[in-house]
S.K.: 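Please see the structure below; I have some questions.
Predicted model only: the values in this text are computed from it and were never measured.
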Amino acid sequence: MATGKWLLYAGLSLSLVALCFLTVAISSDHWYETDARRYKERCRTFSNRRSDPGFIYIPNHSLPLRAARAEPRGEERAEPRRWAPRNRRHLFAMSAADECSRRYNSTNMGLWNKCYRLGFDQDIEELVQQGIIERCSYIKYYYSASTSVRKDFSYNITRTIQQDDWHALHLRRMTAGFMGMALSIILFGWTIGLLGCCWEQGLMHYVAGLLFLMGGTFCIIALCTCVAGINFELSRYPRSLFTLPDDIGHGYGWSMFSAWCGLGLTLIAGFFCTLAPSIQPPPPPRTTYPKSRMENGTVC
């Protein structure tokens, strides 16, 4: 009996800690972070290069890689011609001037806001202190026209960007929705488990454990959807607009780690609470006494 109670108390305690972890993760803005300091330093060096007439600047992408092979003759001529290494580089790579024409900043992003990272860019800090720009901007959960669409894009590219915007919006909605449902279900399960401790009802403990497992399942869906949404944003077409340069560091922040910790503790709490009623012995049966009956005006 003591083992079952300890499992139940441990499960409720872990679920309460998991609620704290998930609440911190949802309310914070460090799910995904980027570091553009190396990129800005490279672009600053590129913009300050020598421009005198006696200096010829040759970027790396213009250097020859190796000589292309001679075009095959005879039967091999029917095969499709492959791109030479130099042509492939011009086809898929971007020059330093093209990469530096776009502005990348060090940011951290959560479920609700996208903010400039504190202390990573002195120019951004001065603009924030002067009130010219806001440090954080709200993430939209409704469809709006993409700012990446330009007039010089073809109809097919514009249509692709709009469809990808809709897909990214659905992924963001799924992440926020499932995370909110997970938090609500875990809170409801903790309330049921606490009431079961007061009334000593094993069925309520079992229901609380099932609710914890259900909340953990919703949390898994939310986290997987969040990861899928980030990967989708980085692989969108055209790559020159959405893919990050190689010298920009990016990765998941401590909010994602907090959410995964809350998920693990929720699943452990669900196993403990569903296991506790099976270990506890059944309650003793109530003793029943025969009812008194009236015989000849007297109570027997």
Side-chain angles (χ1 to χ4, degrees), residues 1-32 110-113 139 141 170-230 252-292:
M1 183 175 182
T3 305
K5 285 188 175 181
W6 278 110
L7 282 177
L8 178 61
Y9 296 153
L12 292 179
S13 301
L14 290 177
S15 63
L16 186 60
V17 176
L19 278 174
C20 297
F21 272 110
L22 292 177
T23 304
V24 170
I26 292 176
S27 59
S28 57
D29 299 323
H30 293 271
W31 287 69
Y32 182 72
L111 296 180
W112 319 111
N113 298 315
I139 295 178
Y141 282 90
H170 291 328
L171 291 176
R172 289 197 301 268
R173 287 175 175 176
M174 289 179 63
T175 301
F178 276 102
M179 187 61 70
M181 287 189 292
L183 191 65
S184 303
I185 291 174
I186 294 172
L187 180 60
F188 181 65
W190 184 81
T191 305
I192 295 296
L194 187 63
L195 292 178
C197 291
C198 298
W199 296 341
E200 295 184 357
Q201 296 290 331
L203 181 60
M204 297 182 71
H205 303 158
Y206 190 77
V207 172
L210 293 180
L211 289 175
F212 291 154
L213 295 178
M214 184 184 299
T217 304
F218 283 5
C219 190
I220 291 175
I221 297 174
L223 293 177
C224 293
T225 308
C226 178
V227 174
I230 293 174
Y252 302 108
W254 58 265
S255 298
M256 179 70 77
F257 176 75
S258 177
W260 281 105
C261 289
L263 167 63
L265 294 177
T266 301
L267 295 179
I268 295 175
F271 287 128
F272 282 177
C273 290
T274 52
L275 188 61
S278 61
I279 296 179
Q280 291 181 357
R286 297 181 180 180
T287 56
T288 58
Y289 299 96
K291 295 182 180 180
S292 58

S.K.: Would you call S28 and W254 a side-chain contact if the rule is heavy atoms closer than 4.5 Å?
M.R.: yes

S.K.: Can you tell me how far the CG atom of L203 sits from the NE2 atom of H205, to the nearest 0.5 Å?
M.R.: 9.5 Å

S.K.: Return the set of residues passing side chain to side chain donor-acceptor pair (under 3.5 Å) with S258 (not counting sequence neighbours), or none when no residue passes.
M.R.: none

S.K.: Can you list the residues that meet the side chain to side chain contact (heavy atoms under 4.5 Å, CB included) rule with L210, with sequence neighbours excluded?
M.R.: Y206, T274

S.K.: For the residue pair C226 and M179, establish whether any side-chain heavy-atom pair is separated by less than 4.5 Å.
M.R.: no

S.K.: Would you say the side chain of W31 lies within less than 4.5 Å of the side chain of L223, judging by non-hydrogen atoms?
M.R.: yes

S.K.: Using the rule given for side chain to side chain contact (heavy atoms under 4.5 Å, CB included), can you reason through F212 versus L267, listing the C-alpha separation, both sets of side-chain angles and the distance that settles it, and then say yes or no?
M.R.: CA-CA 7 Å; F212 291 154; L267 295 179; over 6 Å; no

S.K.: What's the separation between atom CE in M204 and atom CG in L8, rounded to the nearest 0.5 Å?
M.R.: 11.0 Å

S.K.: Could you list the donor-acceptor pairs under 3.5 angstrom formed between side-chain atoms of residues 11-23 and any protein atom two or more places apart in sequence or on another chain?
M.R.:
unit_1, atom_1, unit_2, atom_2, d
S13, OG, Y9, O, 2.8
S15, OG, G11, O, 3.3
S15, OG, L12, O, 2.7
T23, OG1, L19, O, 2.6

S.K.: Does the plane of the ring in Y141 sit parallel, tilted or perpendicular to the ring in W112? Use 30° and 60° as the thresholds.
M.R.: tilted

S.K.: Distance from L213 atom CG to I268 atom CD1, nearest 0.5 Å?
M.R.: 11.5 Å

S.K.: If you measure from CG on L111 to OG on S255, what distance do you get to the nearest 0.5 Å?
M.R.: 8.5 Å

